[in-house]
Structures are given as C-alpha cells and as structure tokens.
Amino acid sequence: TCGSSVANTFPKAATRTDCANAGYCTYAEESVNFANWYAYYRTRLQAMKTGAGLAFSGIGATYRVGFSILGETSTSSTDFLKVNDFGTTQKQSWYTKFYGQAPNSGTPLRRSLARIGQMYAHKGDLAAADPTQYSCQQNFVLMTTDGYWNTDDCDDVNQVNDSTNI
C-alpha cells in the first residue's frame with residue numbers, strides 16, 4: 001500500500017491535481033499519470049516538444065511566428081515556415097512542422113542562429129523571407145533543442161555581411 005491506509009493507493013503530492021481524493025491517488029490514477037509521462041516526456045525530444053508545444057498553445061494572431069530547423073534549409077523547404085500572423089492556418093502549419101521533426105545527429109546552434117539573424121538583416125539565403133513589417137517592431141528568436149551545440153568548426157558562422165568569420 002506504499003504507506004497509505006487505503007489498499008492500492010499511493011501518497012499524493014500537494015501539487016497534484018489529477019487525483020480525486022485529497023490525500024492519495026488510486027492505482028488507476030497512477031497508471032494514467034505514468035502513461036502520460038511515457039507518451040509525452042520519457043525522452044529529451046518528447047519533453048522539448050511537449051513543453052514548447054504547450055508554451056505556444058496560448059499564442060494567437062496578434063503574434064507573428066515562423067519556423068526553421070537547426071541546419072540548412074531554404075524558404076521553399078518543408079523545414080521552413082515564413083514568419084506570419086499566428087492565426088489558424090499559420091498555427092496549424094507551425095504545429096505540423098514542429099511535431100514532424102526528428103533528430104538528425106547534428107545540433108548546429110551557432111550557424112542556425114546566425115542564419116536567422118541574417119534573415120532579419122535582409123541578407124543571405126533567407127532574405128526573401130523578410131519578417132520585418134515595421135522599423136520599430138521587436139523581434140525574438142526562440143531556439144529549442146533536445147541536445148547541445150555539437151559542431152566542431154569554430155569558423156562556421158560569418159558576420160552579417162559574410163566578410164569574415166565570427
């Protein structure tokens with residue numbers, strides 16, 4: 001009974017909201033809790049996708065959101081979504097691309113962030129996807145990954161004008 005006076009029950013943390021009783025969870029409630037963990041959080045990739053997906057769920061069309069993978073992509077790629085108002089169509093496209101990603105053994109964080117910076121500067125291969133509407137608008141890039149920077153090159157990122165390595 002794991003310390004509970006009621007058979008087949010388990011102690012409940014004060015922060016749990018998924019158990020009906022005040023002081024314990026039933027075996028069935030614990031089974032559902034484990035199944036949810038297994039389905040959404042058991043790997044780093046699943047945890048990252050679940051967390052980021054939940055974070056974006058409350059964002060609406062007053063925000064502009066795009067998508068790009070970490071690595072090489074183009075504006076016509078299935079791994080790129082131009083920044084646009086996060087209405088129903090954009091949100092559906094974004095979630096489809098986001099949840100459809102699979103690891104590819106590379107995490108070129110510096111190079112990927114530099115490419116997005118070049119897009120905002122109207123330079124490089126993503127210049128056609130210019131997300132800027134107003135000169136005074138705020139812009140943010142959110143990188144999510146299940147890994148860490150793992151490229152060996154220290155010269156894989158150029159300055160915005162492509163003249164020298166950073």
Side-chain angles (χ1 to χ4, degrees), residues 1-73 75 77-117 119-120 126 129 131 133 137-153 156-157:
T1 61
C2 295
S4 175
S5 61
V6 180
N8 292 321
T9 62
F10 303 87
K12 175 184 167 186
T15 56
R16 297 252 328 244
T17 59
D18 59 328
C19 300
N21 296 296
Y24 63 89
C25 298
T26 65
Y27 181 80
E29 290 167 332
E30 285 298 323
S31 294
V32 169
N33 185 45
F34 178 79
N36 283 333
W37 170 84
Y38 191 83
Y40 300 110
Y41 301 102
R42 103 184 116 97
T43 67
R44 290 182 303 166
L45 181 61
Q46 287 173 310
M48 185 280 302
K49 284 183 176 182
T50 299
L54 289 170
F56 276 78
S57 66
I59 296 175
T62 57
Y63 289 88
R64 294 172 43 81
V65 177
F67 180 86
S68 180
I69 63 166
L70 298 177
E72 297 303 317
T73 188
T75 57
S77 169
T78 58
D79 296 325
F80 182 84
L81 181 65
K82 184 178 177 180
V83 173
N84 207 341
D85 295 344
F86 207 48
T88 304
T89 302
Q90 182 78 347
K91 188 176 269 197
Q92 182 177 10
S93 297
W94 187 88
Y95 274 108
T96 299
K97 289 180 185 298
F98 179 70
Y99 286 127
Q101 297 305 308
N104 67 358
S105 301
T107 311
L109 299 177
R110 290 175 1 129
R111 182 176 44 214
S112 299
L113 187 57
R115 288 183 74 241
I116 298 301
M119 178 183 72
Y120 279 100
L126 297 179
Q133 289 182 312
Q137 77 183 39
Q138 293 183 331
N139 298 292
F140 303 94
V141 175
L142 174 65
M143 294 182 81
T144 58
T145 177
D146 72 328
Y148 53 90
W149 169 46
N150 63 358
T151 54
D152 293 331
D153 290 335
D156 64 345
V157 177

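Within the model, atoms OG1 of T50 and OH of Y40 stand 7.5 Å from one another, a figure rounded to the nearest 0.5 Å. The line from OG1 of T9 to OH of Y27 is 13.0 Å long, rounded to the nearest 0.5 Å. Once rounded to the nearest 0.5 Å, the distance linking OG1 of T96 with CZ of F67 reads 10.5 Å.
Side-chain atoms of K49 come within 3.5 Å of backbone atoms of Q101 as a donor-acceptor pair (strictly under, hydrogens ignored).
Partners of Y99 by ring-ring contact (aromatic ring centres under 6.0 Å, His included), not counting sequence neighbours, listed by chain and number: Y95. When the side chain to side chain donor-acceptor pair (under 3.5 Å) test is applied to Q138, no partner is found at least two apart in sequence or on another chain. Remark: F86 pairs with W94 by the ring-ring contact (aromatic ring centres under 6.0 Å, His included) rule, at least two apart or across chains. Residues forming a salt bridge (charged side-chain N to carboxylate O under 4.0 Å, His left out) with R42 (at least two apart in sequence, or on another chain): none. Residues passing the side chain to side chain donor-acceptor pair (under 3.5 Å) test with N21, sequence neighbours excluded: Y24. Here N139 pairs with Q137 under the side chain to side chain donor-acceptor pair (under 3.5 Å) rule; sequence neighbours left out. By the side chain to side chain contact (heavy atoms under 4.5 Å, CB included) test, V141 is found to be paired with L113, I116, Y120, M143, residues two or more places apart in sequence or in another chain being considered. In terms of the side chain to side chain contact (heavy atoms under 4.5 Å, CB included) criterion, T89 has no residue partners (sequence neighbours excluded).
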Using side-chain contact (heavy atoms from CB on, under 4.5 Å), reason through V32 and D18 one step at a time and then give a plain yes or no. CA-CA 9 Å; V32 169; D18 59 328; over 6 Å; no

Run the numbers on Q90 and L81 for side-chain contact (heavy atoms from CB on, under 4.5 Å), then give the verdict. CA-CA 9 Å; Q90 182 78 347; L81 181 65; 3.7 Å; yes

Validation: residues 52-64 side-chain donor-acceptor distances under 3.5 Å, sequence neighbours left out:
| residue | atom | partner | partner atom | Å |
| --- | --- | --- | --- | --- |
| S57 | OG | L54 | O | 2.7 |
| R64 | NE | Q133 | OE1 | 3.4 |
| R64 | NH2 | P131 | O | 3.2 |

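When all heavy atoms are compared, the tightest approach of Q46 to Y41 is CB-N, 4.2 Å.
For the pair V65/V83, no side-chain contact is recorded, criterion being any heavy-atom separation below 4.5 Å from C-beta on. Considering only heavy atoms from C-beta on, M48 stays 4.5 Å or farther from T43 through its side chain.
Among residue pairs with one or both ends in residues 23-32, those qualifying as salt bridge (charged side-chain N to carboxylate O under 4.0 Å, His left out) are R16-E30; sequence neighbours excluded. Applying the disulfide (SG to SG under 2.5 Å) test to pairs two or more places apart or on separate chains, those with a residue in residues 13-44 are C19-C25.
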